[in-house]
Amino acid sequence: MGFGVLGVFLGLLLEVSTHGPHAVPRTSWRHQDLDLMEFSEPGIFNYSTLLLSEERDALYVGAREAIFQLSKKNVTVKNNKVLWTVADNPMMMCTLKGKSKERDCLNYIRVLQVVDDERLYVCGTHAFQPQCDYLNLGSFSLDGRPEDGRGKCSFDPSQSFTTVMVDGELYSGTAYNFLGSEPIISRYSPSQSLLRTEYSTSWLNEPSFVFADVIREGKNRADGEDDKIYYFFTEVSVEYEFFGKLLIPRVARVCKGDLGGQRTLQKKWTSFLKAKLVCSMPELNFVFNVVHDVFILKGTDWRDTVIYGVFTSQWGNVGLSAVCAYNMTAVEEVFSKGKYMQKATVEQSHTKWVRYNGITPSPRPGACINNLMRQQNISSSLHLPDKTLQFVKDHPLLEDPVLPIGNGPRLITKDVNYTQIVVERVRALDKNIYDVIFTGTDKGVLHKSVVFEREVHIVEEIQLLKNSEPIKNLLLSSETRSLYAGSDSGVVQSPTAFCGRYSSCHDCILARDPYCAWDPHTAACVNVFDIPSQKLRRLIQSLNGDADVCPSVSGLSQTDYQRVTVKPGSSAELPCLVHSNLAQVMWKSNGSLLTEASRFHLIAENGLLIYSVAPEDQGYYECWSVEWASAAGKNFSRLLAGYILNLELPPRPPLQAGQPTTTLSSQETPGTHADAEGNAKTDRAPLTSALAPPSFTSTAFFTFPPQTDTSLTPPPSSTIKFPPKQYLPPNSNVPPPDYQDPAAEYLQHNNSTALLFLFLLFFLLFLAALVYNCYMQYLPAPCLKLRAALLGSHKSTHQQEYTACEAGLMETSTTDKINMTEQPTQNGSQATQNLRALRDTGYETEPECGNGRIPSHSFGDNSPSQEKPFDVDCESQPIQFADAD
Ligand SMILES: *[C@@H]1O[C@H](CO)[C@@H](O)[C@H](O)[C@H]1NC(C)=O
Ligand SMILES: *[C@@H]1O[C@H](CO)[C@@H](O)[C@H](O)[C@H]1NC(C)=O
Ligand SMILES: *[C@@H]1O[C@H](CO)[C@@H](O)[C@H](O)[C@H]1NC(C)=O
Ligand SMILES: *[C@@H]1O[C@H](CO)[C@@H](O)[C@H](O)[C@H]1NC(C)=O
Ligand SMILES: *[C@@H]1O[C@H](CO)[C@@H](O)[C@H](O)[C@H]1NC(C)=O
Ligand SMILES: *[C@@H]1O[C@H](CO)[C@@H](O)[C@H](O)[C@H]1NC(C)=O
Ligand SMILES: *[C@@H]1O[C@H](CO)[C@@H](O)[C@H](O)[C@H]1NC(C)=O
């Protein structure tokens, strides 16, 4: 069985990460382009506890040794602050126990819960001696009479932990001791003693708590059952045998009215039951077995509730995250009807969990008190018979799993670790209801996805945090239409939609954002929630991305083409920006499609580069974006920019000093720097004016001085240093036009000598790399044979291949990087690189079984050895240990 499970988890990793479904965000927004509202105070860190107040305009933030009250409308506005530090004595005790004074022995605020209109209940780790206190909202001060926080708050600030306040009682999932080894799910109420879980591995086995919340079933049930508190966590499985620890995501629940047992299970839950949460791709046999966060989307009736969870695999290097959704009715069904599991002893000492097939005592063990029990004079858990209690004490685990809606994930994303999730239910203009899923990652990025007819679409990715750090907490307010993200370094507020950033109807519709619609009257993409309902009729929205609903745009007129005039033999850049990661760029010259086959053309992310412009290159150039809208089943093409390329007629004007020799220049202002960047005079090209034309960094690398003999071949393409693919949102800052690569000047003055020198240099580098890689066995058979012959060893090559394949199994990350996932960056900007690193791991990306292989893709890569691809044949080395029984 153990091997079977191993097979399930590992067996098809390769297949999953290469062929499994995964989505790519359509649009990417960089942090610096969004003008988000942010809050942080110098010297204060770990803003990880957030609480939105329903009544007040307030977002309460628990950080390290401080609690803030921020404005919900604008988190940059701080209304109150209170410090809660650790006194010297507990600090000393903490350091004496071997904890770090700077890191551990501080007070991390981890509980912020509303008690009533005037007070919050606040707990902190308080130097590994958790304490709780009341925070008076009127004066924004602590009562100063701290209570013992054990069982309510964790000791260790880095330990997983969850808490929820229900009707004045605090429910927590945490550790009960200093070492963090005694897990506990407990209820603290001012009037009763602590109710808790039994300390036993069959109840909780090294859990990582992620979430807890109440489902108000009581008021809508004829059978008089209770409200329930659901807990979500990952724990070490007892039911599967596995070498090492196999993690299992769980949902557990307790009844709100539970009072514990009379004799058996005194002061312990009588209603604690747990079940396995399944989030898997059955068709690929792949299981996501770690739950990181849960969001409960509550309906008006508890039966309409949907539970959303974000999952990854225990083997983080698979690089996949998934979102699964669960039907509350199905969860309830498992708890009220599911079969129990029981511990059985086989072969003396060995225990195994198997299904319990005997007769279960009545009333049903773990059930909440209902009308039927009340009729039998069981009005509280104190009256439950010992037989029932003893049974539930020994059988807290149910065999039946909770299956996701649709039996598989809603969303699977590659090269991302989701840490947080919130979901908002939105009624779109088609009157249908869509669940918009916001997922935060460990790199500070937010993904916004929508499920349309069972197919998921990632509308956008947003770099919420300035730095690449995990989003620790994520809240959503429908009232302010904002998301609030807490991280170690601060709090960020973001709108839920960026409709205004879509500048054309095509873009607005292809975004497929339920919040956004095109207003033909104002020719703007608007947020439907900003528009009064009587005006909604005139808006255009089509969530399948069918952009044919847009008013038709007439083609380019003669004046819409931007004139570009260059000197013969120099290079021309024709900028063209595509806003969508799902779109492809197509260039037409004189009406026919351009291909890269022409060696003087380079179709890059930011536009077209023609080096060494010859007379026959003159003519009309058009940049088209072709976007495949899968839900609409159509391609949508749109003309983004048009150019007329002309050669400058002799006599040539003399060169101006300090000016890049050859870049495009327009007729009106030949040779100005602004034009050199292709950045000015866009007013002549209405079509392109909405886009900020990009700049080519290291332009001069491609340029050829006018005197250069045009028959001279350009440097081998492997030496071209081209800026990484990048996506520039509108209004992004174009780098200063006077930017100039120092190499440019060098080229300018010593043109052909320099070229020859460069060429030689690269050739030498290439040779060196070739020799090195051959020596290191990175290169394929002929070379290896040569090496083997030289070194006199034949076996080692095969061994190398095998280890490469084996490592490939464990490192199956990011294999076939499809072009669409590639992510533009601007001038190495840190933020975008983070974004980029998120999905496109760039040169770190290793193709399957490619450990020890020279990364050979992407021409942004300066590696000369890319001409020599190398394939370790994984197929021919079947990996068998996964399923070997
Ligand atoms: C938020 O508050 C700050 C400080 O008062 C102010 O500068 C900023 O304009 C506000 N932002 C918005 C969007 O209201
Ligand atoms: C608190 O923030 C600091 C600084 O970002 C970080 O190094 C540390 O890991 C955080 N601690 C916890 C418990 O989150
Ligand atoms: C949950 O399941 C019930 C019963 O199968 C069904 O009536 C209900 O529509 C489902 N709810 C959702 C949100 O799928
Ligand atoms: C419940 O208690 C009442 C009064 O104490 C008694 O009359 C009745 O017979 C009891 N019913 C059962 C089913 O035990
Ligand atoms: C996801 O997290 C795992 C484990 O923490 C790490 O090894 C992996 O590199 C992360 N992947 C990405 C894409 O951030
Ligand atoms: C475009 O057409 C013009 C005139 O017919 C011709 O001279 C030029 O070479 C053509 N350019 C391209 C790139 O085909
Ligand atoms: C859509 O466009 C892409 C890219 O140009 C092309 O590969 C694909 O075949 C087109 N699909 C259809 C249905 O036209």
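Counting convention: from 1, in listed order, for ligands and their atoms alike. Every heavy atom of this structure was used, including side-chain atoms; hydrogens, water molecules and symmetry mates were not.
- Of the heavy atoms in Asp304, none comes closer than 4.0 Å to ligand 3.
- Distance check for atom 2 (O) of ligand 3: a protein heavy atom is found below 4.0 Å.
- Distance screen at 4.0 Å: atom 9 (O) of ligand 1 has no protein heavy-atom neighbour inside the cut-off.
- Heavy-atom proximity to Asn327, at under 4.0 Å, picks out these atoms of ligand 3: 1 (C), 2 (O), 3 (C), 8 (C), 10 (C), 11 (N), 12 (C), 14 (O).
- Ligand 6 has an N or O atom lying under 3.5 Å from an N or O atom of Gln618, backbone or side chain.
- At a 3.5 angstrom cut-off on N or O pairs, Ser589 does not count as close to ligand 6.
- Ligand 3 places these atoms under 4.0 Å from at least one heavy atom of Val306: 13 (C).
- Partner Asp227 forms a salt bridge (Lys or Arg N to Asp or Glu O under 4.0 Å) with one of Arg221, Lys256, Arg253 and no other, that one being Lys256.
- Of all protein heavy atoms, the one closest to atom 5 (O) of ligand 1 is Val77 CG2, 4.0 Å.
- No salt bridge links Lys448 with Glu461; every basic N to acidic carboxylate O contact stays at or beyond 4.0 Å.
- Taking the charged nitrogens against the carboxylate oxygens, Arg512 and Glu455 do have a contact shorter than 4.0 Å, which makes a salt bridge.
- Cys525 has its SG atom 2.5 Å or further from the SG atom of Cys499.
- Geometric assessment of Arg501 against the ring of Trp29 yields a positive cation-pi assignment under the 6.0 Å and 45° thresholds.
- In this structure, atom 14 (O) of ligand 1 lies nearest to the protein heavy atom Asn74 ND2, 3.3 Å.
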